[in-house]
Structure formats: C-alpha cells, structure tokens
Amino acid sequence: MTTSQPHHEYVSELHRRIYGSEAKTLAAAPGRANLIGEHVDYCDGLVMPFAIDRYSHVTASASPQWHIYSTAHADDGVISGNDHPDWTRYVHGVQSSLADWGYHCGAAQVVIDSHVPPGAGLSSSAALTCSVLRALIALYDLDVPVNEQIEIAQRVETHYVGMPCGPLDQSASLLSRFGHILLYDCRDRSVDYIPFDPPSHGLELMLIDTRAPHRLVDAEYADRRHSAEDAARRLGIPSLRSARSEAWKDIADPIVSRRARHVVTELERVHATIAALRAEDFSTVGSLLNAAHDSLRDDYEVSSIELDSAQEAAHRAGALGARMIGGGFGGSVIALVPADRSDHVAASVSEAAGERGLPEPDIMTAAPAHGSLHLSTT
Ligand code: GLA
C-alpha cells in the first residue's frame, strides 16, 4: 500500500486488479484492546473493551463459487473452489455459522487485507471474522441483529476454528464506538458506553506488544475456561457472574479456588472501574489495572515473563497503571500513562526487555476507535 492511499481504496483496487471488476461491497472491522474485565466473558461477566485504529478490510462480489485472496497469504494466490488452506476457515466458517443461524448466503469473490497485527493479543482473528461477516451480510442483504452477529462470529471461533472463546473480541469489533469504552454485559447482552478521551485528561493509553511467541495458548485457555465452569458447578450457580463475594473460599481444590478468586475479584474491579471512569478518577483506574495484572499473573496464571517485564517497567516509570490484555501467555500490555511521562515509560519498557534478553516490544498509542463499518455497496 502506498502511504498516501487510504486502506479502503487500496483493497478496492486490489479487488479490481485480481477479479477484473468492481467489488460489490466493502466492509471493515477493527482489532480491540480491553481496559479491564479479563477472562470473565465466558463466565457471563461484564467487559470494557474498545476498538483500536487497526482494521481488517474485506471486499466481496457474489460468485458461483468461492475465490479468496488475502494479502497475509499472498503466496497462496487466489484460493478457489474446494481448496481450503487453514486460514480460509475464517471465511467458510462465517458462511457456515450464518447458515447455522438460518441465514443463507452464497459464495463470493473476496479480497482480505488486515492491518491488525497477528499474535499481539489484539484480536486479529475477530477483526477478520467480523469484517467477512459484515461484507457477506451486506452482499446478500441479510437482516441480522447485531447481538446475533456477535454470536455468529463467536461460533466461527468455537465451532469452526476450535478456540472456545467468549464474546469479548467479537462484541468489541462489532459494537465499539469512537471515543468510548464499550460496556458489554455477556450475560444479558446489554450494551452501554462510557466516553473516554485520554488526551483531554493529559493521559495516553499505550499498547505494548511484547512480540513474545505465543505458547500453548489454546490448550491453556481451554483449561482456564474449564476451571471457571468447574468452580461454578461446585458452587451450584450457573456461572461465576452469580458468585457472591469471597465465594471462592468454599471451593476445596486450591487451583480451582484461586482461579475462581480471579474471576470474582475481576468482576468487582470492573464495577469499581466503571465508577472511577465516570468520576474521572484516573489514578483509581490505574490502581485497578495493576491489581488486575497481579490477579491474572498470580491467581489465573496466564501471564508471561515478557508481559510481567513490560507491566512492571511501565508501572515503575510512572504509568498510573498497566496490565496484560487478552488471553495471555504473550501478546500485549495496556498502560495508562500521564502524557508527559510517555516517552520515559516507553524507553523504560524497551530497556527492561533488553536487559532480560527479551524481544524489543512494539509500542503504540491507542485511543477508542470506530467499531466495524460497512463502507459501501455498489
Ligand atoms: C481471548 C478470548 C476472549 C477472552 C479473552 C480473555 O481474547 O478470545 O473471548 O476470553 O481472551 O479475556
């Protein structure tokens, strides 16, 4: 892509070049960060994500059979007909998942170009799935309520890819609003928004991609989800969302008890964060982020040396708070930083990684961006 050319123009031009005609529809969906509410979405919890300004763009035109081109797999060329390399599950899975919900769409000529970095814990796969979903919905003129879109996109992961995730990433990608934190209730699916514009408070939201290799993420993730469900069963409740304060003390198994403690205290931290954000009390928000990191590291055991290094260094260098985001075992740390400390925080995080022989982190400033967009249909 030339730097002066907007992303959507680039992908439309690619479509024209590859298929020899204009794309019928163009859609985009972003990656996400999560302010707080980690590993609670599959426990019916409340999450507080926001879209980041990195999108997956998808063009589509109706066609008798599938033709799929992705710039991330340019060496594969256009994948046609019955050829199904692994990465195309995110496209075919959308068609199948729509059908599971009773929405039938045909095949398409598709071009995918994503700027959401893979492996950074910023939900590149939800961005891809949601952008394909939005493109097919527009192309085949389907009337799918947004809460069903979230479930359809989530089912692509749980059923067609095999990742037993909750609805955090898909809700963030589909529902986020510019300048706001999304408040998504995974139990009753209700939606609220809290305005959040860090620069107007002299703050910066920093995303630190540790660039660490993901290790055993899927198996460890499934294991945590299993423990959380086991804890709810032992307590005789539908999910840990219904647990009363300190309910984990009634669970004899020490590992299940500690994991339940993470979920229950994280849900309490979400409520405290909502109150602190509404009161514009950002130092309390920062302390809650630090406490969430400690809980994810010690009770849920989903952190890593790289994440701990970035979190500690950011905190020591003056961040109001910092924590790992997403599933863990690699990926990114979010830090809430006074704007005048941000260079120092970034330098300290890089230096700490260097001293420990860890990869040089990739650091960017984030701000709540637009959720998925249906950009055009011709
Ligand atoms: C991954 C999953 C989400 C969520 C987070 C942890 O990103 O895809 O559903 O469980 O981990 O909060």
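Numbers here are sequence positions counted from 1. Quantities reported herein were computed from a predicted structural model and do not represent experimental measurements. Both counts, for ligands and for their atoms, begin at 1 and track the order of listing. We use all heavy atoms of the structure for the numbers below, so side chains are in, but hydrogens, waters and symmetry mates are not.
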### Query
Heavy atoms only: which of I325, I36, V302, D41 is nearest to atom 4 (C) of ligand 1?
D41

### Message
Tell me the nearest of G166, G327, G37, P167 to atom 11 (O) of ligand 1, using heavy-atom distances.
### Response
G327

Nearest protein heavy-atom contact for [atom]: which residue, which atom, what distance?
{"atom": "atom 10 (O) of ligand 1", "result": "Y221 OH, 2.6 Å"}
{"atom": "atom 7 (O) of ligand 1", "result": "R32 NH2, 3.0 Å"}
{"atom": "atom 8 (O) of ligand 1", "result": "D169 OD2, 2.6 Å"}

### Message
Donor-acceptor pair, distance only, cut-off 3.5 Å: does the side chain of T284 make one with the backbone of A276?
### Response
no

### Message
Polar contacts were defined as any N/O atom of the residue lying under 3.5 Å from an N/O atom of the ligand; does this apply to N34 and ligand 1?
### Response
no

Those atoms of ligand 1 less than 4.0 Å from some heavy atom in [X]:
{"X": "L168", "value": "4 (C), 5 (C), 12 (O)"}
{"X": "E38", "value": "5 (C), 6 (C), 12 (O)"}
{"X": "Y42", "value": "10 (O)"}

### Message
Between Q311 and N290, is there a side-chain heavy-atom distance shorter than 4.5 Å?
### Response
yes

### Query
Is it true that F282 and H201 have ring centroids separated by less than 6.0 Å?
yes

### Query
Around R54, counting heavy atoms of other residues, nucleotides and ligands shown, do more than 12 lie under 6.0 Å from its CZ?
no

### Query
Relative to each other, are the rings of H39 and Y221 parallel, tilted or perpendicular (30° and 60° limits)?
tilted

#### Entry: Cation-pi geometry met for R177 and Y193 (6.0 Å, 45°)
yes

### Message
Regarding R356 and E306, does a basic nitrogen lie under 4.0 Å from an acidic carboxylate oxygen?
### Response
no

